[in-house]
Amino acid sequence: MWIAAALVTMVCFGTNNTIFKWSTQRKVSKVHIQFYFYFVAFLLTFGFAIVAGTVHLNLITILLGAFIGILNANGNIQMSKAFEKGPASLTSPLVGTNIIFPILCAGVVFHEHISLIQWVGILIMLGSAMAIQYSSDNKGRINYFPWMMRVGLAIFSFGLLGILMKTSSYLQINSLDILIAMYGGGSVYLAICSMYKKEKWQRSEANIGSIVGFISILGYSSYFYALKTGTASIVFPIVSLNCLVVVLAGVLLYKEKLKRYQMIGVFTALLGIIFTKI
């Protein structure tokens with residue numbers, strides 16, 4: 001079941017990334033979309049917890065959840081800025097390497113046992129994710145220092161995010177409480193970012209953000225379940241394959257053509273998942 005939950009998370013995150021890709025072409029603010037999706041998700045999770053009478057927030061839960069929300073929001077912002085400073089062909093695969101840190105942490109700190117064939121599957125999935133996201137088109141000039149700084153901040157944000165999510169499941173903190181704190185903390189952070197950037201608000205951003213919020217709740221709920229009941233060193237690389245959804249959506253919706261190495265990446269990704277289940 002935890003493998004299935006990780007796959008659901010992969011699909012949800014890939015769907016949201018596809019929506020972000022679509023919205024970028026329509027010149028809407030990613031900060032505003034993220035704010036709406038965090039705020040809507042916060043209202044839904046907090047409202048559900050109040051009705052069900054399952055709110056058990058404490059200082060550790062609030063701080064941990066809020067930090068996770070801020071890291072996720074900041075990682076997305078830094079990655080979008082990295083796309084503006086350097087080539088997307090290198091940015092996505094480099095940022096994708098962040099998954100190595102929570103995997104190593106799960107093995108070293110939390111002492112998860114991974115068999116040799118599962119390690120092969122993990123390495124295959126990581127390589128596949130990087131291959132799928134890579135693009136041989138390298139157009140435009142690169143502003144190296146700002147680009148590398150943004151890439152580094154994105155890697156740090158997403159890598160630490162994964163470690164903290166595993167920590168919350170290891171501490172047996174209720175996932176709903178973490179989600180409430182995560183979405184609440186992220187909403188405050190994004191509201192501050194919006195005031196700083198002073199971008200114009202658009203109605204379409206609220207509509208898109210609301211849809212992303214619903215999908216995000218399903219994705220993160222499945223993510224916490226998979227981390228709590230399964231092997232984090234396998235969950236993390238499966239989730240990183242959300243780029244598969246983005247690529248397939250590009251083929252179906254935008255009639256984009258898969259390059260040969262991307263097709264190989266798709267098949268090896270599926271092979272990696274099979275290896276981790278053995």
Mind checking the CZ-CD1 spacing from Arg150 to Ile155? Nearest 0.5 Å is all I need. 14.0 Å

In the single-linkage hydrophobic clustering (I, L, V, M, F, W, Y; side-chain heavy atoms under 4.5 Å), do Leu63 and Leu160 co-cluster? no

Exam field: side chain Gln78 to backbone Gly75, donor-acceptor pair closer than 3.5 Å: no

Could you walk me through whether Tyr223 and Trp2 satisfy the ring-ring contact (aromatic ring centres under 6.0 Å, His included) test, starting with their C-alpha distance in whole Å, then the side-chain angles of each, then the deciding distance to 0.1 Å, before giving a yes or no? CA-CA 9 Å; Tyr223 205 172; Trp2 61 269; over 10 Å; no

Minimum-distance pair of heavy atoms, taken over all atoms of Leu71 and Leu161: CD1-N, 3.9 Å

Heavy atoms of other groups near Leu123 CG, more than 12 under 6.0 Å: yes

Between Ile19 and Phe214, is there a shared hydrophobic cluster once you connect ILVMFWY residues whose side-chain heavy atoms come closer than 4.5 Å? yes

Donor on one side chain, acceptor on other, Asn207 and Ser204, under 3.5 Å: no

Give a yes or no on whether the backbone of Leu57 and the side-chain of Thr61 come within a donor-acceptor separation of less than 3.5 Å. no

Under 6.0 Å between the ring centres of Phe13 and Tyr220? yes

About how many Å separate CZ of Phe67 and OG of Ser168, when rounded to the nearest 0.5 Å? 13.5 Å

Counting N and O atoms only, with roles assigned by atom type, does the side chain of Asn242 sit under 3.5 Å from a partner on the main chain of Val239, one being a donor and the other an acceptor? yes

Salt bridge (Lys or Arg N to Asp or Glu O under 4.0 Å): pairs with one or both residues in residues 166-180, sequence neighbours excluded: Glu112-Lys166

Where do Tyr189 and Ala73 come nearest, in terms of heavy atoms and distance? CD2-CB, 4.0 Å

Between Ser222 and Leu218, is there a donor-acceptor pair closer than 3.5 Å when you use the side chain of the first and the backbone of the second? yes

Check Ile178 against Leu64 and note the closest heavy-atom contact, atom names and distance. CD1-CD2, 4.1 Å

Check: Leu190 main-chain N/O paired with Ser194 side-chain donor or acceptor under 3.5 Å: no

When you measure from the side chain of Thr9 to the backbone of Gly219, do you find a donor-acceptor pair of N or O atoms at a distance under 3.5 Å? yes

If I compare all heavy atoms of Tyr225 with all of Met1, which pair ends up nearest, and what's the gap? OH-CB, 3.7 Å

Could you tell me if Tyr183 and Asn72 have a donor-acceptor pair between their side chains, going purely by distance under 3.5 Å? no

Nearest 0.5 angstrom please: Ile103 CD1 to Ser233 OG, how far? 6.5 Å

Atom CG in Asn174, atom NE2 in His56: separation rounded to 0.5 Å? 7.0 Å

hydrophobic_cluster_shared for Ile50 and Ile180, side chain cutoff 4.5 Å: yes

Examine distances only and state if a side-chain atom of Tyr38 and a backbone atom of Gly69 form a donor-acceptor pair shorter than 3.5 Å. yes

According to a hydrophobic-cluster definition based on side-chain heavy atoms being under 4.5 Å apart (Ile, Leu, Val, Met, Phe, Trp, Tyr only), do Leu7 and Leu248 belong together? no

Sub-4.5 Å side-chain heavy-atom contact between Val245 and Asn17: no

Partners passing side-chain contact (heavy atoms from CB on, under 4.5 Å) against Ala206 (at least two apart in sequence or in another chain): Tyr36

Answer yes if Val31 and Ile33 sit in the same cluster of Ile, Leu, Val, Met, Phe, Trp and Tyr residues linked by side chain heavy atoms under 4.5 Å apart, and no otherwise. yes

For the atom pair CG (Leu179) and CD1 (Ile217), what is the distance rounded to the nearest 0.5 Å? 7.5 Å

Quick one: pull up CD in Glu205 and OG in Ser210 and give me the separation to the nearest 0.5 Å. 11.5 Å

Provide the closest heavy-atom pair for Pro102 versus Gly159 in the form atom of the first, atom of the second, distance. CD-O, 3.8 Å

After noting the C-alpha distance and the side-chain angles of Phe236 and Phe101, does the key distance pass the side-chain contact (heavy atoms from CB on, under 4.5 Å) rule? CA-CA 10 Å; Phe236 288 129; Phe101 298 106; over 6 Å; no

Ser240 side chain vs Pro237 backbone, donor-acceptor pair below 3.5 Å: yes

All heavy atoms of Ala232 vs all of Leu227, minimum pair found to be CB-CD2, 3.7 Å

Remaining members of the apolar cluster that contains Ile192, side-chain heavy atoms under 4.5 Å: Val188, Met195

Please evaluate residues Ile77 and Gln34 with respect to the criterion side-chain contact (heavy atoms from CB on, under 4.5 Å), reporting the C-alpha separation (whole Å), side-chain torsions for both, the decisive distance (0.1 Å), and the verdict. CA-CA 9 Å; Ile77 292 172; Gln34 285 195 89; 3.7 Å; yes

